[in-house]
Amino acid sequence: MKRIALQQLIAWKHSSNRKPLIIRGARQVGKTWLMKEFAKTEYEDFIYVNFEFDEVMKTLFDEGFQHERLLFNLKTFSGITPKPEKTLIIFDEIQEVPRGLTSLKYFCENAPDYHIVVAGSLLGLTLHQHVSFPVGKVQFLDLYPMNFIEFLHAIGKGRFVDLLEKQDFSTISTFKLQYIEWLRQYYFIGGMPEAVASFVENSDFVKVRQIQKDILEQYESDFSKHAPNDIVPRIRLVWSSILPQLSKENKKFIYAKIKQGARAREFELAMAWLLDCGLIKQVFRVTKPDLPLKAYLDFSAFKLFMVDIGLMVAMSELEVKVLLEGSRIFEEFKGALTEQFVFQQLIQNKDLVITYWSSERFDSEIDLLLQYSNEIIPVEIKSAENLNAKSLKVFCEKFNSKNAIRTSLSNYRKEPWMTNVPLYVMGNYFN
């Protein structure tokens with residue numbers, strides 16, 4: 001597998017102000033594989049500790065944070081002598097020993113030449129449990145499911161990725177049908193590494209669906225195992241309502257759509273739990289499309305997206321035969337899958353601020369509103385062949401927008417007021 005995050009890890013390794021690194025991400029997005037692959041390719045050796053399974057190591061920090069003692073115990077455990085800059089120390093499932101997070105402060109201050117990477121599937125929950133967190137002493141990397149570019153690499157289409165990276169739109173249009181076919185597959189498979197690896201090995205969508213169901217069951221198990229009992233039913237209600245909410249004409253998340261009479265205060269903790277686990281993402285409305293967008297966030301109005309489009313399709317029970325029915329999968333649920341896809345491609349770009357805009361009466365909406373390179377860019381997402389962009393045009397005229405995007409299955413073309421960007425290009429368009 002080729003993960004874009006590997007390049008970020010290499011940059012971290014060679015950074016002059018490197019600090020211990022915390023990798024955040026939902027369960028099953030590939031954190032463990034990424035850390036080990038990084039260690040194998042960039043270091044002489046590595047020490048791997050999984051605090052979920054290595055019971056003896058759960059006491060590692062009980063006697064304090066003196067780094068010589070910690071390093072000696074790591075040597076005893078692994079048989080490897082940790083060497084500054086040559087050995088990568090990996091702490092996995094760090095949420096099982098919250099004092100391990102605290103130790104990162106002392107590694108940063110007293111042993112900065114030792115390279116340390118940590119991860120945890122439920123790390124966000126731990127950070128809200130009164131853990132002494134090493135503020136300013138760590139760095140972060142957010143890991144998401146594989147995007148469309150990584151998917152293309154995985155299925156052996158790297159040369160077609162090169163075209164997307166070069167934005168050679170003339171040649172890209174020549175292979176439009178192939179890109180759409182791979183995009184159709186990606187909608188169904190998504191970016192969970194195990195599902196992608198299974199497809200690469202077996203070309204079997206039934207096996208992919210079983211893996212997705214297994215992952216969803218693990219998430220459900222986490223609800224029951226780690227969340228307070230009184231909010232578990234509400235977590236499930238929020239989790240199962242995301243696709244129906246995105247399928248509405250007005251895609252703003254409405255609590256009353258979860259169940260009749262529901263109020264925000266009833267579901268705030270449940271939503272926070274899903275956010276902390278990395279299973280959902282909020283995109284807030286802005287009251288004014290102006291710089292900086294974060295100054296105009298309306299925290300009472302937002303959309304919710306899932307961690308992965310393939311899991312969303314699996315939850316919907318959409319059958320594999322939909323892949324044989326032309327563009328149907330792009331249009332299912334009133335384009336909700338396509339909006340999920342676009343968001344999932346953009347979220348990995350740290351240069352983007354992602355919001356959306358709607359009028360005060362919510363009778364006009366721009367699907368996504370981006371801040372990029374000191375510009376405000378409205379994005380209209382089209383899943384069907386009807387490319388009428390009335391809302392986008394009205395927005396551009398009202399706010400004098402100079403750089404609007406409509407993304408669809410149509411070829412790239414630039415018009416005086418708008419640029420049409422193919423859906424399969426969106427993951428690379430702002431690079």
> State, to 0.1 Å, how close T338 and S383 come at their nearest heavy-atom pair, and which atoms those are.
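Nearest heavy atoms, T338 then S383: OG1-CB, 3.4 Å.
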
> Just by modelled atom types, is the E194 backbone N or O under 3.5 Å from a matching donor or acceptor in the S198 side chain?
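No, the answer is negative, given that no donor and acceptor are paired below the 3.5 Å cut-off.
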
> I'd like to know if the side chain of S373 and the backbone of E375 have a donor-acceptor N/O pair within less than 3.5 Å.
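Side chain of S373 to backbone of E375: no pair is present.
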
> Scan side-chain atoms only and decide if K414 and T419 contain a donor-acceptor pair under the 3.5 Å cut-off.
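Side-chain D/A pair, K414 to T419: present.
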
> For Y43, does the six-membered ring have the charged nitrogen or CZ of K13 within the cation-pi criterion, i.e. under 6.0 angstrom from the centroid and within 45° of the normal?
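So K13 does make the cation-pi contact.
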
> Does a donor on one side chain and an acceptor on the other come within less than 3.5 Å for D308 and Q344?
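Q344 and D308 do have a side-chain donor-acceptor pair below 3.5 Å.
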
> Ignoring hydrogens, what is the shortest heavy-atom contact between I376 and P378? Give both atom names and the distance.
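In terms of heavy atoms, the two residues are closest at O-CD, 3.7 Å.
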
> Using ring pair (Phe, Tyr, Trp, His ring centres under 6.0 Å) as the criterion, point out the one residue from F330, F205, F148, F333 that pairs with Y187.
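It is F330, the one option of F330, F205, F148, F333 that forms the ring pair (Phe, Tyr, Trp, His ring centres under 6.0 Å) with Y187.
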
> Does any N or O in the side chain of N420 come within less than 3.5 Å of the main-chain N or O of N411, such that one atom is a donor and the other an acceptor?
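Checked: pair present.
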
> Between Q28, K225, R27, which is the residue that forms a side chain to side chain donor-acceptor pair (under 3.5 Å) with Q218?
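It is Q28; the other options fail the test.
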
> Taking atom NZ of K321 as the centre, report whether more than 12 heavy atoms of other residues, nucleotides or ligands fall under 6.0 Å from it.
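For K321, atom NZ is not crowded (no more than 12 foreign heavy atoms under 6.0 Å).
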
> With W182, which of Y424, F151, F160 fulfils ring pair (Phe, Tyr, Trp, His ring centres under 6.0 Å)?
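For W182, the ring pair (Phe, Tyr, Trp, His ring centres under 6.0 Å) test succeeds with only one of Y424, F151, F160, which is F160.
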
> Would you say E331 and S327 are linked by a side-chain donor-acceptor pair, where the criterion is simply a distance under 3.5 Å?
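Yes.
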
> Before accepting this row, confirm whether a basic side-chain N of the pair K166/D168 lies closer than 4.0 Å to the acidic partner's carboxylate O.
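No, no charged N to carboxylate O under 4.0 Å.
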
> Can you see which heavy atom on I309 is nearest to which on L337, and at what distance?
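It is CD1-O, 3.3 Å.
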
> Does E380 use its side chain to pair, donor to acceptor, with the backbone of D367 at less than 3.5 Å?
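No, the answer is negative, given that no donor and acceptor are paired below the 3.5 Å cut-off.
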
> Begin with the C-alpha distance, continue with both residues' side-chain angles, and end with the deciding distance and a verdict on side-chain contact (heavy atoms from CB on, under 4.5 Å) for V379 and T407.
CA-CA 7 Å; V379 178; T407 183; 4.3 Å; yes

> Could you check whether K40 makes a cation-pi contact with F46, meaning its NZ or CZ is under 6.0 Å from the centre of the six-membered ring and within 45° of the ring axis?
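No.
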
> Given side-chain contact (heavy atoms from CB on, under 4.5 Å), test Y429 with I405 step by step and report yes or no.
CA-CA 11 Å; Y429 189 68; I405 290 174; 3.5 Å; yes

> Taking E150's backbone N and O only, do any of them form a donor-acceptor pair with R3's side chain (distance below 3.5 Å, no angle check)?
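Between the backbone of E150 and the side chain of R3 there is no qualifying donor-acceptor contact (under 3.5 Å).
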
> Evaluate the ring planes of F253 and F302, with Trp represented by its six-membered ring, and classify them as parallel (under 30°), tilted (30 to 60°) or perpendicular (over 60°).
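Parallel, since the angle between the ring planes stays under 30°.
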
> Ignoring hydrogens and geometry, is there a side-chain-to-backbone donor-acceptor pair from S224 to S221 under 3.5 Å?
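Here the side-chain-to-backbone pair does not exist.
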
> Please check if the side chain of Y372 supplies one atom and the backbone of F430 the other of a donor-acceptor pair under 3.5 Å.
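Yes, Y372 side chain to F430 backbone: donor-acceptor pair under 3.5 Å.
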
> Under 3.5 Å, side chain of Q212 to main-chain N/O of F188, donor-acceptor pair present?
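Confirmed, Q212 side chain pairs with F188 backbone.
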
> Taking atom types as modelled and ignoring hydrogens, do the side chains of K19 and N17 form a donor-acceptor contact shorter than 3.5 angstrom?
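Result is no, nothing qualifies.
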
> Of all the heavy-atom pairs spanning I242 and L304, show the shortest one and how long it is.
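The answer is CG2-O, 3.5 Å.
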
> Between F223 and Y219, is the ring centroid distance below 6.0 Å?
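For F223 and Y219, the ring centres are not under 6.0 Å apart.
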
> May I ask you to check whether S121 and Q95 show a side-chain donor-acceptor distance below 3.5 Å?
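No, because no side-chain N or O of S121 sits under 3.5 Å from a partner of the opposite role on Q95.
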
> As a quick check of understanding, evaluate side-chain contact (heavy atoms from CB on, under 4.5 Å) for V117 and F91, giving each step before the final call.
CA-CA 6 Å; V117 177; F91 294 152; over 6 Å; no

> Both conditions, 6.0 Å and 45 degrees, for the charged tip of K36 above the ring of Y48: are they met here?
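Satisfied, under 6.0 Å and within 45°.
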
> How close do A119 and M35 get, counting heavy atoms only, and between which atoms?
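Result for this residue pair: CB-CE, 3.6 Å.
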
> Can you measure from CG (L243) to CD (E332) and round to the nearest 0.5 angstrom?
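Taking CG in L243 and CD in E332, the distance rounds to 9.5 Å.
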
> Against the six-membered ring of Y255, is R263 placed for a cation-pi contact (under 6.0 Å from the centre, within 45° of the normal)?
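Pair R263/Y255 does not count as cation-pi.
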
> For the pair E266 and R234, find out whether any cationic side-chain nitrogen is under 4.0 Å from an anionic carboxylate oxygen.
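No, no charged N to carboxylate O under 4.0 Å.
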
> Walk me through whether T32 and D92 qualify under side-chain hydrogen bond (donor to acceptor under 3.5 Å, both in side chains).
CA-CA 7 Å; T32 299; D92 207 353; 2.5 Å; yes

> Is a donor on one side and an acceptor on the other found under 3.5 Å between the side chain of K137 and the backbone of Y106?
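Not a single qualifying donor-acceptor pair exists.
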
> Could you walk me through whether M306 and M315 pass the side-chain contact (heavy atoms from CB on, under 4.5 Å) check?
CA-CA 11 Å; M306 282 184 60; M315 284 180 67; 3.5 Å; yes

> Using atom types as modelled and distance alone, determine if a side-chain donor or acceptor of K207 lies under 3.5 Å from a backbone N or O of D204.
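Absent.
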
> Let me know which of K252, R285, K303 forms a salt bridge (Lys or Arg N to Asp or Glu O under 4.0 Å) with D298.
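Only match with D298 under salt bridge (Lys or Arg N to Asp or Glu O under 4.0 Å): R285.
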
> Please report the interatomic distance OG(S358) to NZ(K251), rounded to the nearest 0.5 Å.
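If we round to the nearest 0.5 Å, S358:OG and K251:NZ are 13.0 Å apart.
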
> Restricting to non-hydrogen atoms, name the atom on M146 and the atom on A154 that form the minimum distance, rounded to 0.1 Å.
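Result for this residue pair: CE-CB, 4.0 Å.
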
> From I22 CD1 over to R24 CZ, what is the distance, rounded to the nearest 0.5 angstrom?
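I22 atom CD1 to R24 atom CZ measures 7.5 Å (nearest 0.5 Å).
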
> Please report whether the ring centroid of W12 lies less than 6.0 Å from that of H115.
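Aromatic pair counts; centres sit under 6.0 Å.
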
